[in-house]
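Note that the structure is a prediction, hence the values are computed from the model and not measured. Computed from heavy atoms alone, side chains included, the values below leave out hydrogens, waters and symmetry copies.
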2 protein chains.
Amino acid sequence: MSFLFRRQHLAFISRCRPFSSVGRADVDYFRTFLPTHAILTTLPNDSGSVAPAELDVYNRDWMGKYTGRATTVVKPRSTEEVSKIVRWCNEYDIAIVPQGGNTGLVGGSIPVNDELILSLANMNKVRSFDPVSGILITDAGCILQELTDYIAPHNHIMPIDLGAKGSCQIGGNVATNAGGLRLLRYGSLHGSVLGLEVVLADGTVLDQLTALRKDNTGYDIKQLFIGAEGTLGIVTGVSILTPAAPQASNNVVLALPHFDNVLPLYRKVKRSLSEILSAFEFIDRTAYDLAVKHGQGRGLSDEDVAGAQCFVLVETSGGRREHDEEKLNDLLAELLDAENPLILSGVLSQNPAQFSSLWALREGVTEAISKEGKAYKYDISIPLDKFKVVVDATREHLAERNLIGEHAVKHVMGYGHVGDGNLHLNICAAEYTQEIQDALEPFVYELVASYRGSISAEHGIGAAKTHALHYSKDEVSIELMRKLKALFDPRGILNPKKILE
Amino acid sequence: MSFLFRRQHLAFISRCRPFSSVGRADVDYFRTFLPTHAILTTLPNDSGSVAPAELDVYNRDWMGKYTGRATTVVKPRSTEEVSKIVRWCNEYDIAIVPQGGNTGLVGGSIPVNDELILSLANMNKVRSFDPVSGILITDAGCILQELTDYIAPHNHIMPIDLGAKGSCQIGGNVATNAGGLRLLRYGSLHGSVLGLEVVLADGTVLDQLTALRKDNTGYDIKQLFIGAEGTLGIVTGVSILTPAAPQASNNVVLALPHFDNVLPLYRKVKRSLSEILSAFEFIDRTAYDLAVKHGQGRGLSDEDVAGAQCFVLVETSGGRREHDEEKLNDLLAELLDAENPLILSGVLSQNPAQFSSLWALREGVTEAISKEGKAYKYDISIPLDKFKVVVDATREHLAERNLIGEHAVKHVMGYGHVGDGNLHLNICAAEYTQEIQDALEPFVYELVASYRGSISAEHGIGAAKTHALHYSKDEVSIELMRKLKALFDPRGILNPKKILE
């Protein structure tokens with residue numbers, strides 16, 4: 001067992017550094033229980049090593065914004081294997097980055113240095129599904145879309161849906177508390193996750209993988225791992241409540257003369273559509289025009305949208321098509337016939353193609369922005385009535401610095417989930433410049449903080465926003481977070497420098 | 001400041017005991033910021049003391065099952081006052097029992113010794129309500145029914161509803177993670193509570209009282225206080241998402257030939273009623289007969305229920321009465337016309353009086369049991385298909401010990417929330433006896449544990465079930481709970497001997 005000796009030596013060296021690098025002895029140990037294909041390493045090794053480029057997909061995020069220097073990726077196939085790896089790393093001070101689909105936006109799944117990457121990709125089995133209760137128990141590495149497909153024949157849907165569903169893994173969704181498009185209807189993962197299996201920092205397996213909707217037996221510890229971005233433990237199994245699939249979906253896009261009408265409209269729509277309302281999305285005029293310019297927005301004519309300051313997409317999902325259509329038609333008639341109408345015009349989808357086309361207007365904004373220029377993106381939660389204030393204030397602030405125009409910022413716009421209070425503030429510029437960056441930060445964070453908002457509604461903190469955490473959490477909260485981190489991960493090996501600096 | 005000296009003396013003495021008793025010096029200190037009516041003490045005091053009987057309502061639970069020996073009750077009016085009290089108690093090793101409406105079933109709000117009772121009753125103001133988002137921010141001491149009444153004119157309802165709503169307080173609901181009648185539809189408090197204000201054990205105020213549906217900025221610490229029964233901190237403020245009020249409610253009671261039909265029926269009902277399904281309650285034949293015997297169960301004739309092994313109550317709540325009725329009627333027609341019908345018969349409520357009458361059958365079971373004899377009650381979560389197995393196994397187990405009959409156990413029955421997997425197992429006996437108690441425990445707990453169930457679905461652990469916690473949580477979980485308790489409350493002053501022994 002020569003590697004054991006070597007490890008002790010490394011452990012000694014590590015006192016001078018935050019963590020030990022992964023060494024050949026570590027890889028040799030992993031090989032005692034992992035098959036060849038489950039270890040990728042660039043370190044020289046008897047069993048063969050890979051070219052550095054083969055690790056790029058693990059060391060870089062999909063935006064190319066964050067880059068790690070990991071030499072080794074392990075892909076355990078079971079909770080027991082995860083436990084053995086973590087126990088080893090904890091003993092020898094090797095930091096670990098747990099990695100799911102690597103689809104995050106804040107660098108949470110990329111090493112900040114040369115941490116070991118622990119990919120959950122090989123833990124991809126559904127453990128059980130009960131079509132009566134809708135409770136799904138699954139390995140953390142299952143891909144969201146595959147789970148959606150798995151339960152579809154049983155007439156159930158996943159309670160979350162997001163753009164990255166083809167790559168993101170359910171464990172990563174849990175670790176980042178993914179929000180997405182269905183939150184308005186099905187709530188957050190804090191409500192729908194019923195149980196978790198988590199490997200703690202010392203390798204202990206915390207088994208709270210129950211299939212129970214109600215369980216008031218002590219502290220609900222699993223909640224802490226939801227949104228902890230892998231810094232408190234590594235999620236290996238998930239028990240989640242899946243809702244029954246709706247039988248029908250409809251949508252409508254409405255043009256509004258003023259932003260001030262958005263909230264009265266939301267109130268009216270909530271009341272009229274009640275339990276079948278499944279999305280209420282907001283797009284301001286700037287975002288709309290940009291989407292149209294880049295090929296979206298079929299459905300509304302130029303006359304329809306003349307004088308419109310913003311737009312709303314309403315989606316319904318319900319149990320019977322004719323009932324849903326009747327509710328939606330009645331709502332539209334009422335809106336258009338009102339003495340002082342809240343809307344200028346509206347277009348209702350008549351078939352699945354139109355349904356997708358209307359959604360494309362909303363979802364196409366992101367693509368349109370990237371075609372138009374470089375985007376500074378802020379994903380914030382603020383009170384609903386502050387959506388326009390924040391966009392306008394940002395635009396004015398940039399104008400005061402003479403940063404509005406073709407030379408700098410071309411567009412400042414807002415869109416997002418009104419129902420969730422989640423605004424995507426986007427600043428579209430000709431180029432990324434330090435001047436614009438400095439004008440935006442901390443300005444935007446301070447603005448958000450002044451409304452007691454959240455600087456990260458759904459994207460998380462990751463490595464990108466640790467410096468800004470204090471805009472949304474006070475010192476008492478952050479200090480408690482630090483204590484929890486120290487309690488769950490005394491040696492700090494789990495996803496270091498994420499969330500907390 | 002002579003009392004300061006005295007307190008130091010007491011603090012010294014307290015090393016030999018777990019905690020200091022409340023003394024005159026403490027009361028004198030509380031009087032420096034609390035008005036006379038906000039302190040009730042039986043201790044001799046310059047400002048007057050009360051008769052011990054005046055504290056009975058605080059020292060005893062409503063069932064008369066648990067009795068404390070507190071000498072003093074404080075009723076602070078603000079978070080700041082709570083903070084001052086807790087800081088003092090932490091410094092001088094005085095244990096505190098936070099008390100809301102004192103409606104719990106497991107002794108969680110009653111002192112185990114002579115702890116200071118901190119009643120939240122004077123913190124009873126609504127802080128804000130936003131009728132657009134439905135977000136309510138309120139003091140912890142507000143009574144659930146009063147909050148329901150407060151938001152009703154704005155067409156919103158509270159996401160929880162329970163029998164004790166006329167007395168229980170929202171802070172207590174949060175601290176006990178109350179489930180209740182609306183969980184199937186609106187989910188648990190882990191999903192609907194958006195923010196909390198909590199006074200920590202050292203008096204620090206943790207302000208996470210945001211009105212945000214989405215906030216992914218670090219660990220969601222507030223979740224830990226939901227269901228912690230006041231052992232990690234004292235909830236003083238609650239931000240909660242309230243759903244839009246349904247426009248119509250209907251219900252139906254169905255008689256089933258076999259228990260085996262319950263789950264196929266649940267599946268069919270879920271699919272047919274989809275988003276308007278708001279309750280699916282189960283009553284076995286024993287419970288039904290008892291309810292009828294004691295005056296409930298109007299609606300179904302003897303012929304209707306001949307051969308029925310169990311009953312189901314289905315409730316719908318939706319946005320348009322005619323749509324809901326159509327869905328329900330179609331479902332009933334389909335059920336009755338089926339070749340092999342899942343149900344024998346059913347009765348549909350035709351008006352509000354019948355609606356209440358059908359609910360009374362389900363809700364009247366509890367009262368009927370108490371009229372019939374003494375009840376041993378177990379509130380458990382188990383997989384849906386084990387509901388009958390558990391009831392039958394308990395009955396057989398008692399029969400093997402010759403404990404079934406008029407002399408001992410008269411009835412063993414099950415009823416509860418199928419939709420939540422929550423069974424109320426009730427054993428109705430002529431008298432409470434040690435023999436029956438010993439036959440039931442740990443038998444029932446072991447049975448529940450064998451199905452990975454929860455020994456306390458919604459009632460909590462309190463003082464009553466600390467010894468049984470290990471049947472639902474393994475040693476890893478319990479050890480983590482202990483560490484969390486030590487982290488949040490190092491001196492152990494908050495609700496001692498609750499949840500953890």
Side-chain angles (χ1 to χ4, degrees), chain A residues 132-133 155 177 179 187-188 190-191 204 206-208 210 212-221 223-224 227-228 244 246 263 266-267 270-271 273-276 318-320 323 327 381 384 420-422 452 454-461 469 472-474 476-477 480-481 483-484 487 499, chain B residues 132-133 155 177 179 187-188 190-191 204 206-208 210 212-221 223-224 227-228 244 246 263 266-267 270-271 273-276 318-320 323 327 381 384 420-422 452 454-461 469 472-474 476-477 480-481 483-484 487 499:
Chain A
V132 178
S133 66
N155 299 305
N177 189 27
S188 88
H190 287 287
T204 305
L206 175 67
D207 179 2
Q208 296 197 338
T210 60
L212 305 172
R213 285 202 67 172
K214 287 174 164 177
D215 178 22
N216 278 351
T217 54
Y219 310 149
D220 197 353
I221 295 172
Q223 297 288 351
L224 277 180
L263 299 197
Y266 180 49
R267 213 167 157 174
K270 258 175 83 174
R271 187 145 173 77
L273 300 180
S274 189
E275 69 280 357
I276 65 168
R320 196 182 287 199
H323 287 171
K327 287 185 180 106
S381 282
L384 303 180
D420 310 342
N422 184 185
R452 295 202 63 161
S454 169
I455 59 150
S456 188
E458 52 184 0
H459 294 171
I461 296 295
L469 184 59
S472 284
K473 290 283 156 68
D474 67 10
V476 174
S477 298
L480 268 178
M481 286 184 206
K483 286 180 177 170
L484 285 167
L487 177 68
I499 297 187
Chain B
V132 178
S133 66
N155 300 305
N177 188 27
S188 89
H190 287 287
T204 304
L206 175 68
D207 178 3
Q208 296 197 339
T210 59
L212 306 171
R213 285 202 68 172
K214 287 174 164 177
D215 178 23
N216 278 352
T217 54
Y219 311 149
D220 196 354
I221 296 173
Q223 297 288 351
L224 277 180
L263 298 197
Y266 179 50
R267 211 167 157 175
K270 258 176 82 173
R271 189 148 172 75
L273 300 179
S274 188
E275 69 281 356
I276 64 168
R320 198 182 286 199
H323 288 171
K327 287 185 180 105
S381 281
L384 303 180
D420 310 341
N422 184 186
R452 296 203 63 161
S454 169
I455 59 150
S456 189
E458 52 183 1
H459 294 172
I461 295 295
L469 183 60
S472 284
K473 290 284 156 69
D474 66 9
V476 174
S477 297
L480 268 179
M481 286 185 208
K483 286 180 178 172
L484 286 167
L487 178 68
I499 297 186

Q: If I measure from the heavy atoms of chain B, does A:S274 come under 4.5 Å with its side chain, its backbone, both, or neither?
A: side chain
Q: Given a strict heavy-atom distance threshold of 4.5 Å, which part of B:I499 is in contact with chain A: side chain, backbone, both, or neither?
A: side chain
Q: Let me see the working for A:D207 and B:R452 under salt bridge (Lys or Arg N to Asp or Glu O under 4.0 Å), right down to the final yes or no.
A: CA-CA 11 Å; A:D207 179 2; B:R452 296 203 63 161; 3.1 Å; yes
Q: Non-hydrogen atoms of chain A under 4.5 Å away: do they reach the side chain of B:L487, the backbone, both or neither?
A: side chain
Q: Looking at chain B, which one of A:P246, A:S188, A:G218 has the largest number of heavy-atom pairs inside 4.5 Å, strictly under?
A: A:G218
Q: Within the 4.5 Å heavy-atom criterion, are A:I276 and B:R320 side-chain neighbours or not?
A: no
Q: Non-hydrogen atoms of chain A under 4.5 Å away: do they reach the side chain of B:L212, the backbone, both or neither?
A: side chain
Q: Any luck finding a side-chain donor-acceptor pair between A:S381 and B:K214 under 3.5 Å?
A: no
Q: If you count heavy-atom pairs within less than 4.5 Å of chain A, which of B:A244, B:G187, B:G421, B:S133 leads?
A: B:S133
Q: Heavy-atom distances under 4.5 Å only: say whether B:S477 touches chain A with side chain, backbone, both or neither.
A: both
Q: Answer with side chain, backbone, both or neither: which region of B:D420 has an atom nearer than 4.5 Å to a non-hydrogen atom of chain A?
A: both
Q: Under 4.5 Å between any side-chain heavy atoms of B:K473 and A:D215, yes or no?
A: yes
Q: Where is the tightest heavy-atom contact between B:V132 and A:L263, given as atom of each residue plus distance?
A: CG1-O, 4.0 Å
Q: In terms of heavy-atom proximity below 4.5 Å to chain A, should B:L384 be classed as side chain, backbone, both, or neither?
A: side chain
Q: Give, as side chain, backbone, both or neither, the part of A:L469 having an atom under 4.5 angstrom from any heavy atom of chain B.
A: side chain
Q: If you count heavy-atom pairs under 4.5 Å with chain A, which of B:T210, B:T204, B:V476, B:L273 comes out on top?
A: B:V476
Q: With only heavy atoms counted, which part of A:Y219 is less than 4.5 Å from chain B, the side chain, the backbone, both or neither?
A: both
Q: Among B:R267, B:Q208, B:M481, which residue forms the greatest number of heavy-atom pairs with chain A at distances under 4.5 Å?
A: B:M481
Q: Ignoring hydrogens, what is the shortest heavy-atom contact between A:L224 and B:L224? Give both atom names and the distance.
A: CD1-CD1, 3.8 Å
Q: Please classify the contact between A:N422 and chain B as side chain, backbone, both or neither, with a heavy-atom cut-off of under 4.5 Å.
A: side chain
Q: Are the side chains of A:H459 and B:N216 in contact, using a 4.5 Å heavy-atom criterion?
A: no
Q: Please check: side-chain N/O of A:E275 versus main-chain N/O of B:G319, any donor-acceptor pairing under 3.5 Å?
A: yes
Q: Go through the atoms of B:N177 and report whether side chain, backbone, both or neither lie under 4.5 Å from a heavy atom of chain A.
A: both
